[in-house]
Structures are given as C-alpha cells and as structure tokens.
Trainee: 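My questions all concern the structure below.
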Number of protein chains: 2
Amino acid sequence: MARSAEQPAPEMRDRILSEATRLFATRGFESTTIQAVAEAVGIRAPSVIHHFPSKAALREQVVEDLMSHWKNEIPRLLTAARSGEDRLSSALEALVQFLMADPYRARLALRELLDRPGETRGLIEQHLLPWMPLVTDYIRLGQQTGVVREDVDPESYVVEVIIMAISTVALGEVLDTVQSRDDEDRLSAMIRELVRMARDSLFVGGEPA
Amino acid sequence: MARSAEQPAPEMRDRILSEATRLFATRGFESTTIQAVAEAVGIRAPSVIHHFPSKAALREQVVEDLMSHWKNEIPRLLTAARSGEDRLSSALEALVQFLMADPYRARLALRELLDRPGETRGLIEQHLLPWMPLVTDYIRLGQQTGVVREDVDPESYVVEVIIMAISTVALGEVLDTVQSRDDEDRLSAMIRELVRMARDSLFVGGEPA
DNA sequence: CCTACCGATCGGTAGG
DNA sequence: CCTACCGATCGGTAGG
C-alpha cells in the first residue's frame, strides 16, 4: 500500500502528448479526435480529458513543447560552427538535422502556420525573432568585408531559408516519389541541394573548394 | 414561362466552388462545414449538397479546378521569356505572379500536400511531372555551356524553387509581420529575395548586370 | 482510468 | 432552392 493509491500514472501524460503530436502533425488538429488519441495510447477518451482540460488545451501543450524544443536548440544551432565564413552553412545543416530528427516537428509547424496564423505569429515573435539580429548582423558584417553578396536582403534571406528547410522536411514524404533515384533517397538529395542553394546564393564567387 | 422552370441556377455552382475554395484554403477541409459554405453563398446547406453529391466530391472539384488552372498556366510559364540565360528567372517570376494572382492557390496546394499526400502525389505525377524534363534539360544544357553551376542537381533545384515559391506565398500573410518595413510590405521583399536566391544559386559568376 | 451518458453539430436524405 | 428531419460522431461531464 505504499504507492498504489491515486497517483495519475506519471508517464501517461507524456504518452498522450507524444501520440497527440504525431496525430496532429500527420492528420491535422480538426481531423484528430480525442478518441483517436486515446486509442493510440491504449486508454479511453474521457481519460485523455482527465489529463488535459480540453482538446484545445492538449493542442496548446503540444505546440508549447515544440516551441520549447526550438528555444533549447536555437543557441546550439547558432553556435554550431565557428569556422569563419562557413558558419552559416553549418548552422543550416544543424537546423536541417534538428528538423529531421523528429519527422513531426516540421509538419506540425507548417500546420500551425496555416491553421492559426495569428497565434503562431505571436509565438514566432516571442521565441524566434529575438535571435534574428544575431544572424542578420553577421550577414551584414560579411557584406562589409566583401564575402557576402551585396544584394542579399538579410532578413528575407534568413526567413526564406527557414521556410525552405521546414517545407522541404515537412513535404519530403510526398516529394520522395517525384523522381526515383538509385543511389539514395530523394529527400537526401533535396536537403543537399537546399544547403547548396542557401550557400551559393549568399556568398560571392564560385565554389569554395 | 420561357426560362423559369427547373434549370439549376447556372452560376450557383461556380459560386459554391469559389467560396469552398476560399474556405478550404484558409481554414482547411475538415474545419469547413457544408453549412459554412452555404452561408458564404447565401443559401442553405442541403442546397449545396444538391450541386455536389457529397462534401468529398466538392473538395475533389475544388482541387481539380486548381490543377486545371496549373495545366493551362504551365506552358505559358515555361515560355514566359526567351531572352536566353535569363529565361529561368523570368519563368520563376511568372510562377510567383501566378501564385499571387489568387491568394488561395498556394495555401490550398500546401494543405492538400499535407492532408492527402498520396492523392496529391498522384496529381503531381500526372500533371506536373511531364513538364519536368523541359526545365531540367535546359539546366543541363546550361551546365554544358558553362553558364549554370556544375554542382546544381537539376531535379532537386526545380522542386526546391517550387516549394519555396508556394510556401512563401502561402505563408506570406503570417510572415508579413516578422519585420515591419517602411518602404514596402514584407511579402514583396521576400518574393524579390526568393527570385534572387534562385538566380544566384543557379548561374555561375556574380551579378548578371 | 473506467462506464454511462449528454447536448451540439456534423454530413446527408426525403420530399416537395 | 427550401423545410423538416435523422443517424452518427464529436467534445466533454458525472460519478465513481
């Protein structure tokens, strides 16, 4: 009779969050019923509601968990490489790695951007925007020293690269069959081309060898 | 008594399609009720079902209309400019113009890619893929003549550019407030940067001036 | 965490 | 194109 009484199964809440994340990312919030989440974790629908006051609250927590992941990773991404001019390329590759580590991250982000533009914009302004100057100042510095193209619009460039990375990873599953490849899967080729495009459209001159 | 009998209101069907497109694009298919579509055109829900056998059939027609638009526009996009090496840039600007002409096109495409990857992939293979070689062969020709970078992966490049264009236009509303601008709106700056990135990551050398 | 249950809303039908 | 209506499912509550 030590620890059997009424403790609410410590890991159950996390399991619900995990399955809800997966389902919201793949099917979308509206298409996912509480019952589907319950079934995925092996319980009944009302038990899900016991852990989260409402379906909306469940979504909120799922999104918040995603954002806190971002908040933790961003400093790591931005300091991913210190090898001078190649720093931005390495940061981008780290971003892609981060996105591909959990296949639901990119898809969930894209869905939230489409479904709740206002709320998501608020989250972006809160958590992502403060880091922007750190990157754009670095790009402007590169423009002054002549290694970065003069006609680059730093803010637009950064946002475009992030959009490209998120969209590519999120849609990778679909795009994977656009063309068959023998040597490797399509998504890897896309990611590699993405990194190349970001690099070659930023720095002046030809290949960095 | 000439034309009052039982003709099913010729323009009503198109009005339903138009409002359904707008609602599916902005809120998503699952979040859009037949009632909401009916209300938008000023009729009752059962009258919508009279024009389309089911909600799914309405979606099918909306998507088919979008695809037929694409099919008509693609030849025009690909022959948008004949001024030699700048041809691809002009084609891209034409693509962006096409996407921005109807704000719901990009958002609907992105939603369909997320919600129904299998079906959408089929539509892409049918309608878009046949045009791919026309672009990729042109890029490969440019690689042989030395105007296009050697390390460009033609197929990946084309898909990335299309993804970037669709995503940018679709998310433009959200991104518009990432940073305030005095001279022009954020989306225009994003589009211009997108075109620049596509150009500078494709061709060798500095600015074409 | 379960069973039993409910009001609301959904897509769709009947029948003019 | 409308009113009247229905079975199914949804999110959520009650009460253990």
Side-chain angles (χ1 to χ4, degrees), chain A residues 1-64 108 111-112 115-116 119, chain B residues 1-64 108 111-112 115-116 119:
Chain A
M1 49 159 63
R3 49 169 186 174
S4 71
E6 56 256 2
Q7 24 188 20
E11 87 265 31
M12 184 54 77
R13 189 189 144 93
D14 288 338
R15 285 171 57 197
I16 292 172
L17 275 173
S18 172
E19 294 298 329
T21 301
R22 182 179 61 83
L23 289 166
F24 290 166
T26 53
R27 305 183 194 173
F29 178 75
E30 297 286 347
S31 304
T32 302
T33 63
I34 295 181
Q35 156 118 11
V37 177
E39 202 169 305
V41 299
I43 59 177
R44 302 283 184 170
S47 304
V48 173
I49 288 302
H50 178 252
H51 287 274
F52 301 89
S54 68
K55 193 189 174 189
L58 178 55
R59 170 195 226 153
E60 234 62 54
Q61 194 58 53
V62 163
V63 172
E64 196 170 299
L108 189 66
R111 283 195 180 280
E112 285 295 312
D115 290 344
R116 303 195 300 174
E119 293 86 336
Chain B
M1 47 159 61
R3 50 170 188 174
S4 70
E6 56 255 2
Q7 25 187 18
E11 88 265 31
M12 184 53 78
R13 189 189 144 93
D14 289 338
R15 285 170 56 196
I16 293 171
L17 275 173
S18 173
E19 294 299 329
T21 301
R22 182 179 62 81
L23 288 166
F24 290 166
T26 53
R27 305 184 194 173
F29 178 77
E30 297 287 346
S31 304
T32 303
T33 64
I34 295 181
Q35 157 117 14
V37 177
E39 202 169 303
V41 299
I43 58 177
R44 302 283 183 168
S47 305
V48 172
I49 288 302
H50 178 252
H51 287 275
F52 300 91
S54 69
K55 193 189 174 190
L58 178 54
R59 169 194 227 152
E60 233 63 54
Q61 194 58 52
V62 163
V63 173
E64 196 169 300
L108 188 66
R111 283 196 181 279
E112 284 295 311
D115 291 344
R116 304 195 301 174
E119 293 86 335

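As the structure is a prediction and not an experimental result, all values here were calculated from the model. We name chains A, B, ... by the order of the sequence lines, and we start the count at 1 in each one.
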Trainee: Suppose we define a pair by two distances each less than 3.5 Å, Watson-Crick or G-U wobble; what does D:dG16 pair with here?
Mentor: C:dC1

Trainee: Using a 3.5 Å distance criterion without hydrogens, assess whether the side chain of A:T26 forms a donor-acceptor pair with backbone atoms of A:R22.
Mentor: yes

Trainee: B:I43 CD1 to C:dG12 P: how many Å, rounded?
Mentor: 15 Å

Trainee: A:S47 side chain: which of D:dA4, C:dC2, D:dG11 is closest?
Mentor: C:dC2

Trainee: NA contact type, A:T32, heavy-atom cut-off 4.0 Å: base, sugar-phosphate, or nothing?
Mentor: sugar-phosphate

Trainee: Both B:R44 and A:S54 contact DNA chain D. Which one's nearest nucleotide lies toward the 5' end?
Mentor: B:R44

Trainee: Nearest heavy-atom pair of A:K55 and A:T32: which atoms, and what distance?
Mentor: NZ-O, 2.8 Å

Trainee: For A:V41, run the side chain to side chain contact (heavy atoms under 4.5 Å, CB included) check against A:R13, A:E19, A:H51 and tell me which one passes.
Mentor: A:E19

Trainee: Whole angstroms only, please: what is the NZ-P distance between B:K55 and C:dG12?
Mentor: 8 Å

Trainee: Given D:dG12, C:dC1, C:dC10, identify the nucleotide with an atom nearest to the side chain of A:I34.
Mentor: D:dG12

Trainee: Would you name the heavy atoms of B:L23 and B:A40 that are closest together and state the gap between them?
Mentor: CD1-CB, 4.4 Å

Trainee: Given atom CD of B:Q35 and atom C1' of D:dA4, what is their separation to the nearest angstrom?
Mentor: 15 Å

Trainee: Under the criterion side chain to side chain contact (heavy atoms under 4.5 Å, CB included), which of B:R116, B:R59, B:R111 is the partner of B:F29?
Mentor: B:R59

Trainee: Using atom CZ of A:F52 as one end and atom C1' of C:dC1 as the other, report the distance to the nearest whole Å.
Mentor: 15 Å

Trainee: Quick one: B:I49 CD1 to D:dC2 P, roughly how many Å, whole number?
Mentor: 13 Å

Trainee: Of all the nucleotides listed (D:dG11, C:dC1, D:dA14), which has the minimum atom distance to the side chain of A:H51?
Mentor: C:dC1

Trainee: Looking only at the side chain of A:P46 (C-beta and beyond, no hydrogens), which of the listed nucleotides D:dC1, C:dG11, D:dG12 gets closest?
Mentor: D:dG12

Trainee: Please report, rounded to the nearest Å, how far the P atom of C:dT9 is from the CD atom of A:E30.
Mentor: 14 Å

Trainee: Rounding to a whole Å, what distance do you find between A:H50:NE2 and D:dT13:C1'?
Mentor: 13 Å

